[in-house]
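First up is the structure itself, then whatever we jot down about it.
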There are 2 protein chains.
Amino acid sequence: MKRPGHDGSDDEGQRAEHMPKRVDHEERRAQIAEALIRVAGRRGLHAVGMRDVAAEAGVSLRLVQYYFQTKEKLLFYGLQHLTDRFTARVGARLRDAGPEPGPRATVEALLLASLPTDEESRTFHLLYSSYSILSVTDEALAAQPFIDSPDAAENALTGLLERAQAEGLADPDADARTEAISLLAMTATMGTSILVGQRTPQSAVAVLDHHLDRVFRPGPRPPAA
Amino acid sequence: MKRPGHDGSDDEGQRAEHMPKRVDHEERRAQIAEALIRVAGRRGLHAVGMRDVAAEAGVSLRLVQYYFQTKEKLLFYGLQHLTDRFTARVGARLRDAGPEPGPRATVEALLLASLPTDEESRTFHLLYSSYSILSVTDEALAAQPFIDSPDAAENALTGLLERAQAEGLADPDADARTEAISLLAMTATMGTSILVGQRTPQSAVAVLDHHLDRVFRPGPRPPAA
DNA sequence: CTCTTCATGATACCGCCGTATCAACATCAT
DNA sequence: ATGATGTTGATACGGCGGTATCATGAAGAG
């Protein structure tokens, strides 16, 4: 879709004939996508244009067209890049939690990574929300695979809670999936509240901790009646 | 502020001389605002133009300009109208709950009214989310008074829960405000999940009911330890 | 009736934006 | 050198969208 020869993956041995390739296409695309993310994080996804992205990336408009033929493709790639970066960020947070973190520490790392506390997470939250809202009325965007990220998070969190229950660290009477859904839902909305200045990160953490205290209480409670 | 006589502000006594006015300004503005809401609900707020609104309202573009000089004013008014209509809708739901509904019925009516289950609530949820996201990067929109609607809801819900506690209908050990925040936050995110087709209204109601069951349990539990 | 005021409709203007095209130049492989 | 590739620049076009202008219609007051 980009070049007469190959585009970006299977050019191992065959193309060694002649081809001066000084730059990594994927790298350039990532550069431009990050420029898109930066400018969209500042001015809003709706207000970003090809020329803005080019200027932010320090390249010519022509080059943006060269690597992404259309704006739609640029937006799709930007969304993919955004989720990739966020996934990496969550992974880093988990590693920061120690070599063998307890279930609660893991869950906390997962949830807190989603709250917009610094520039990067703020931008992520804003843009991911923007894309989600757009996907409601844009079917091309809705067909994009980013939609299932929440499902993955829900399944992961459910698994963590079930494991904690099996280890006797969490309330065995709780329904793991329901609690996972609840925690993620609260985190998402409170993230937006932080974004619009309605709530502080501290208060959001307090609410989340309250529910973690409720779920992560060891031992089987005496079953009611 | 919906009188045929004056429309804005400073035309109090002087102009009472002669003035043929056949239509109610405020009524026309509401009519156009609802056209805006309809078309924005279908194609997305970002895709709405003045011409679309005019066509949807069955009037000329000039008329839209006549009542709202600028698009920004139209958007602001549309937002106001949207929240007004939603408030009325919630009120109707509360009245439907019976003449003297219990606290739990009231809370349920409040929360369920926010879930996008029919066209109207779906449109409301979509547009309110769109406005919220826009307000992050548009300070003129952020200055708009619609931001405090969530605070009002939070306070109202907190009051209801406290009343239920006082009447012995809800867990007295719970923190009313924390639970109110949690319930509203879960409702909001799950509403969006319904909007994007990720979750069914039934599953959202199930999660909410689970938490209502938790909070609305009568009598003081035997305090732990 | 006529004048004033409210209200409406058609059209034009202007700028931005996505996209396309053409020309040039640098660099590296052969 | 030759040629393919990466990069830039300028420029243009077609459309759309918000705003502005003009002229006209409808209705009550004198």
Side-chain angles (χ1 to χ4, degrees), chain A residues 1-8 11 13-32 35-36 39-40 43-78 138 140, chain B residues 3-8 10-11 13-29 31-32 35-36 39-40 43-78 138 140:
Chain A
M1 53 175 85
K2 77 168 51 147
R3 273 301 357 275
H6 313 48
D7 84 297
D11 46 356
Q14 267 57 346
R15 71 182 329 181
E17 315 267 328
H18 12 232
M19 31 126 28
K21 192 139 199 180
R22 320 198 268 316
V23 304
D24 184 349
H25 268 219
E26 214 49 37
E27 190 177 333
R28 272 265 183 279
R29 288 166 71 91
Q31 268 177 25
I32 296 175
L36 161 68
V39 63
R43 305 218 287 265
L45 188 60
H46 66 283
V48 74
M50 302 280 278
R51 289 168 175 83
D52 303 296
V53 175
E56 176 75 23
V59 299
S60 67
L61 168 62
R62 183 66 185 83
L63 198 65
V64 179
Q65 294 183 270
Y66 181 76
Y67 283 101
F68 307 91
Q69 293 72 37
T70 175
K71 186 185 184 181
E72 189 179 49
K73 292 180 184 173
L74 171 60
L75 288 180
F76 286 177
Y77 188 93
D138 184 338
Chain B
R3 289 277 351 283
H6 354 17
D7 83 299
D10 54 340
D11 45 359
Q14 268 57 346
R15 73 183 325 181
E17 315 270 325
H18 15 233
M19 31 136 24
K21 197 141 198 173
R22 320 198 271 321
V23 305
D24 185 342
H25 268 219
E26 212 50 35
E27 191 177 331
R28 274 260 185 281
R29 289 166 70 89
Q31 192 179 326
I32 295 174
L36 161 67
V39 64
R43 305 218 286 265
L45 189 61
H46 66 285
V48 167
M50 303 280 277
R51 288 166 175 84
D52 303 295
V53 175
E56 176 76 21
V59 298
S60 70
L61 168 62
R62 182 62 185 83
L63 196 64
V64 180
Q65 294 184 254
Y66 182 76
Y67 284 100
F68 307 91
Q69 293 72 38
T70 174
K71 185 185 184 182
E72 189 179 50
K73 291 180 184 173
L74 171 59
L75 288 180
F76 286 177
Y77 188 92
D138 184 337

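Proteins get letters first, then strands, A, B, ... in listed order; numbering begins at 1 in each.
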Q.
Just to be sure I understand the geometry, which residues of residues 50-58 of chain B put a non-hydrogen atom under 4.0 Å away from DNA chain D?
A. B:M50, B:R51
Can you tell me if the side-chain N/O atoms of [X] get under 4.0 Å from OP1 or OP2 in [N]?
| X | N | value |
| --- | --- | --- |
| B:H25 | C:dC6 | no |
| A:Y66 | D:dG6 | yes |
| B:T70 | D:dG18 | no |

Tell me, please, which residues at least two apart from [X] pass side-chain contact (heavy atoms from CB on, under 4.5 Å).
| X | result |
| --- | --- |
| A:R43 | A:V39, A:A47, A:D52 |
| A:E72 | A:T70, A:F76, A:A140 |
| B:Q69 | B:K73 |

Q) With side chains defined as the heavy atoms from C-beta onward, is the minimum distance between A:R28 and A:V59 less than 4.5 Å? A) no
(Q) Between A:L45 and A:L75, is there a side-chain heavy-atom distance shorter than 4.5 Å? (A)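 A side-chain contact exists here, since the closest heavy-atom pair is under 4.5 Å.
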(Q) Heavy atoms from C-beta onward define the side chain here; which of C:dA20, D:dG6, C:dG9 lies closest to that of B:R62? (A)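 Nearest to the side chain of B:R62 among the choices is C:dG9.
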Q: Could you check which of D:dT19, D:dT7, C:dA20 has an atom nearest any side-chain atom of B:K71?
A: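 Nearest to the side chain of B:K71 among the choices is D:dT19.
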Would you mind reading off the distance between [X] atom [atom1] and [N] atom [atom2], rounded to a whole angstrom?
| X | N | atom1 | atom2 | answer |
| --- | --- | --- | --- | --- |
| A:Q69 | C:dC17 | CD | C1' | 18 Å |
| A:H46 | D:dG17 | NE2 | P | 15 Å |
| A:Q31 | D:dG6 | CD | P | 14 Å |
| A:E72 | C:dC17 | CD | P | 19 Å |
| B:E27 | C:dA7 | CD | P | 12 Å |
| B:Q65 | D:dG18 | CD | C1' | 8 Å |
| B:L63 | C:dC6 | CG | P | 15 Å |
| A:Y67 | C:dT19 | OH | P | 18 Å |

Q.
To the nearest 0.5 Å, what is the distance between CG on A:L36 and CD on A:E56?
A.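 Result: 9.5 Å between the selected atoms.
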Q. Hey, what do you get for OH (A:Y66) to CZ (A:R29), rounding to the nearest 0.5 Å?
A.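 So the gap between those two atoms works out to 11.5 Å.
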Q: Identify, with sequence neighbours excluded, every residue that meets side chain to side chain donor-acceptor pair (under 3.5 Å) alongside A:Q65.
A: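 Side chain to side chain donor-acceptor pair (under 3.5 Å) list for A:Q65, sorted by chain: empty.
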Q. Under the salt bridge (charged side-chain N to carboxylate O under 4.0 Å, His left out) rule, what pairs show up with a residue in residues 60-69 of chain B, not counting sequence neighbours?
A.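 Sorted pair list comes back empty.
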**Q.** Helical bend (five base pairs per end, nearest 10°) for the helix from C:dC1-D:dG30 to C:dT30-D:dA1
**A.**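 Taking five pairs per end, the axes differ by 10°.
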